[in-house]
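The structure appears right after this line, and notes come after that.
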Amino acid sequence: MKKENAASTPGASLLAEVDGLVEGHRDGHGFVLRDDGEASIYLPPQEMRAVLHKDRVRVRILRLDRKGRPEGRVIDILERRKAPIIGRLLHEGGHWLVAPEDRRFGQDILIPKNAIAGAQAGQVVSVELTETPSLHAQPVGRVAEVLGEIDDAGMEIEIAVRKYEVPHRFSAETLAQAAALPEKIRPADRRQRIDLTDVPLVTIDGEDARDFDDAVYCEPFKRGRGKSAVEGWRLLVAIADVSHYVKPGEPLDADAYERATSVYFPRRVIPMLPEKLSNGLCSLNPDVERLAMVCDMVVQGDGSVEAYQFYPAVIRSHARFTYTEVAAALANTRGPEAQKHKDLLPHLLHLHDLYRALLKQRAQRGAMDFETTETQIVCDADGRIEKIVPRTRNDAHRLIEEAMLAANVCAADFIAGAEHPSLYRVHEGPTPEKRIALQNYLRALGLGLHLSDDPSPKEMATLAASTKDRPDASQIHTMLLRSMQQAVYSPANAGHFGLAYPAYTHFTSPIRRYPDLLVHRVIKALLGKKRYQISLVDTVPPPPPLRKGGRLQPKPPKAATRELGLWEQAGQHCSANERRADEASRDVEAWLKCRYMRDRLGEEFSGTVSAVAGFGLFVTLDALYVEGLVHITELGGEYYRFDEARQELRGERTGVRYGVGTRVRVQVSRVDLDGRRIDFRMVREGQGERLLAAGRPDRARVKASAADELAAVQAADRAGKAQRAKARKGAAPAKKSRAPARKR
């Protein structure tokens, strides 16, 4: 974009003053995410000295850089970040300071000697600021909490929940309210509920699941006689009735709304609800009576839902199945798993028949279905990775998924038909920019496949299906996935592009998702011929406006009441907290993988290029399912040009190409725990022999060198601990002048 064009665009005018949220960068500069949704404003490093990541500021646009991006100066700090900062306590040059775990903060925090709260050098601490930064001084703080040593089991999770401000402690009022709840359902709870305790509903979940919020049952259905007879199935999806226990305005509801979702880490879950509810009273455990909201559906032979109804019920799960058990029983109806539950086997077979019909309906509808490899981290007793294994999806996974999709669609249809405000799960199609990039990519590959200017879900699904047998299928499917927008919660029903539904919501997981709980309340109100009046907790501030394609979502029309504004706020809050939970989980997994790979320095692995950028290749290892970076400088002694349309790096002299899906062999060369980064170097066939002929170390020596490097890292760790211990015994008195910021 040329400067004159940029200057003429709205929001890019010079000397304009705008408000926004600061987002720091680990390299020292930062950006202001504008409240009006226009392009972010660049802040140079000197401007970042007086502000911190997540401060709210007012900036003045001073100039446009050579790419036409606005650059600004901070003229006012509207609101300082209040949450504590997590980092390592260090003792350098006689001064105590904390290096933030989140590199986006950009500068260390000085800690007075009398404010370290007994913490020792090297420990992980939580810091509260007592003096904010300025252009000429670093921030000053005090240690508010000592978390422990960096190598303590589970420390990476303790860091992540504070780094991403994930609520991890229930209020005393919430715990007291949960403790006062009954251990089992009472006679009063049964009123105006249908008794389904004799229906053989079952739960089907993973081996490590602890909360069971959905149970299913299926039986054949037939209406009429002769040629006019209609055959299909009756499908019951029973969902834990969390709304019976979590009422609006109560402490349980306040904490649930603040969290908005459960957060899943390896070996630990931070639940949305206290354990008495999530694993007890609301969990559909086998052979105990539970309250449920039931979606009762009639599904025709072609997989279409002919009719449905919702009603509150009392149920009793007749068995707790795992996906592995159900898949084994379906694969061999005379095998041990099938015989162990032979009384329930006919119902499982009915579910499987229904699944095949729903699958045909999915294909006819044009829903996209990409088979991606999900992994599971298996940890040892100390919380370190023992191995990473692929999480294989079988028919049991897909069976439950299709049943839940059917119930969610019915919930959306029921609410939309009543014209009642609620939260929909919205997934819009590609933005114009992403669509053009995808069209250029397909054109660059020479595919004779046309993508229209307004692609439909069926068109995208057809594109994926027609390329699934190509050698570069994974590359094409990755690009198709990246062209999609992120799914969000919104009261404005814009449909679900990926699933090809005109209306879709989340109904099936109220134990772990707050939007599902809201949907349950709406459905209950409609069943009682009432209207659910949403009221949000005043102590939870609304998140910044949610952006779509770089622009704000349209505001509700003036005729809309404050009620619709509250639904919009709830959708933004739940969407933001969903992203926060994902980021925290990824951060913990990245730390664990870095720690796992530090013991494999110098080892060689085969892998596949999973992403390409102008600075290098991201490679996922076959055996370990770990991703790392091969920097462009490690690709050889020639200039590589990044082809954005083809998503590949191409050598100008040799014409060698590296694109998504390319098979490579790499060596683990560097692991940065603090930066959550793993670096690889490329290994080529015959490289060891060439190095040996040139008088340089061969591959075996390279491995030995890497082993020496690992030993050196371990020795440095020991030396550092000894040095810190020595410094604690006889630290030099602090100078009057403040210590300079450490270079990163």
Side-chain angles (χ1 to χ4, degrees), residues 214 216 218 221 230-237 295-310 350-372 393-417 422-430 434-435 438 449-468 473 476-477 480-481 483-490 492-509 519:
D214 57 84
V216 292
C218 184
F221 169 81
V230 176
E231 294 185 354
W233 299 269
R234 183 187 179 196
L235 171 64
L236 270 66
V237 175
C295 180
D296 193 339
M297 294 165 274
V298 174
V299 183
Q300 294 184 351
D302 63 355
S304 60
V305 177
E306 180 187 21
Y308 64 83
Q309 62 177 330
F310 289 91
H350 296 325
L351 274 169
H352 197 229
D353 291 338
L354 168 66
Y355 156 69
R356 285 195 285 256
L358 292 173
L359 207 58
K360 292 178 182 177
Q361 180 64 214
R362 182 189 187 102
Q364 184 178 347
R365 195 172 70 245
M368 282 164 276
D369 190 11
F370 299 106
E371 287 294 334
T372 57
R393 277 168 48 86
N394 52 44
D395 275 4
H397 290 86
R398 300 184 185 95
L399 180 155
I400 289 298
E401 180 181 317
E402 290 297 329
M404 298 304 112
L405 290 177
N408 286 336
V409 170
C410 290
D413 183 76
F414 183 60
I415 294 171
S422 185
L423 287 184
Y424 295 92
R425 184 64 168 176
V426 174
H427 182 225
E428 296 189 273
K434 290 186 175 183
R435 173 184 54 77
L438 181 59
L449 300 170
H450 176 68
L451 186 66
S452 67
D453 290 340
D454 186 18
S456 66
K458 195 164 188 176
E459 187 177 347
M460 300 283 278
T462 301
L463 186 60
S466 62
T467 57
K468 66 179 182 180
I476 296 171
H477 291 184
L480 289 173
L481 282 170
S483 72
M484 305 293 163
Q485 294 189 59
Q486 190 174 39
V488 296
Y489 294 105
S490 173
N493 176 29
H496 198 293
F497 186 86
L499 295 173
Y501 287 129
Y504 185 71
T505 192
H506 276 168
F507 162 79
T508 54
S509 296
V519 167

Problem set entry | Asp302 and Lys360: CA distance, side-chain angles, deciding distance, salt bridge (charged side-chain N to carboxylate O under 4.0 Å, His left out) verdict | CA-CA 7 Å; Asp302 63 355; Lys360 292 178 182 177; over 6 Å; no

Problem set entry | Arg234 bridged to Asp296 by N-O distance under 4.0 Å | yes

Give a yes or no answer on whether the side chain of [X] reaches the backbone of [Y] with a donor-acceptor pair at less than 3.5 Å.
X      : Y      : value
Gln485 : Gly429 : yes
Arg393 : Arg398 : no
Arg365 : Tyr501 : no
Thr505 : Leu423 : yes
His352 : Leu399 : no
Arg362 : Met368 : yes

Provide the closest heavy-atom pair for [X] versus [Y] in the form atom of the first, atom of the second, distance.
X      : Y      : answer
Ala492 : Val426 : O-CG2, 3.4 Å
Leu358 : Gly303 : CD2-O, 3.4 Å
His506 : Tyr489 : ND1-OH, 2.8 Å
Ser466 : Leu463 : OG-O, 3.0 Å
Phe497 : Ser456 : CZ-C, 3.7 Å
Ala396 : Asn394 : N-OD1, 2.9 Å

Exercise. Side-chain contact, heavy-atom cut-off 4.5 Å: Val237 with Met297?
Worked result: yes

Show me the donor-acceptor pairs within less than 3.5 Å that the side chains of residues 404-411 make with the rest of the protein, sequence neighbours left out.
{"from": "Asn408", "atom 1": "OD1", "to": "Phe507", "atom 2": "N", "distance (Å)": "2.9"}
{"from": "Asn408", "atom 1": "OD1", "to": "Thr508", "atom 2": "N", "distance (Å)": "3.4"}
{"from": "Asn408", "atom 1": "ND2", "to": "Met404", "atom 2": "O", "distance (Å)": "3.3"}
{"from": "Asn408", "atom 1": "ND2", "to": "Tyr504", "atom 2": "OH", "distance (Å)": "3.0"}

For this session: Measure up the Phe414 and Tyr308 rings against each other and bin them: parallel (under 30°), tilted (30 to 60°), perpendicular (over 60°).
Result: perpendicular

Exercise. Does a donor on one side chain sit under 3.5 Å from an acceptor on the other, for Asp353 and His350?
Worked result: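 Looking only at side-chain atoms, His350 and Asp353 do not form any donor-acceptor pair under 3.5 Å.
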
Problem set entry | From CA spacing to verdict: side-chain contact (heavy atoms from CB on, under 4.5 Å), Leu438, Met460 | CA-CA 11 Å; Leu438 181 59; Met460 300 283 278; 3.9 Å; yes

Exercise. Is Gln309 atom CD crowded by more than 12 heavy atoms from other residues, nucleotides or ligands, each under 6.0 Å away?
Worked result: yes

For this session: Enter the distance from Leu354:CG to Leu359:CG here, rounded to the nearest 0.5 Å.
Result: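 Going from the CG atom of Leu354 to the CG atom of Leu359 covers 10.5 Å.
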
Exercise. How many angstroms lie between NE2 in His427 and CD in Gln486, if you round to the nearest 0.5 Å?
Worked result: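 CD of Gln486 is found 9.0 Å from NE2 of His427.
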
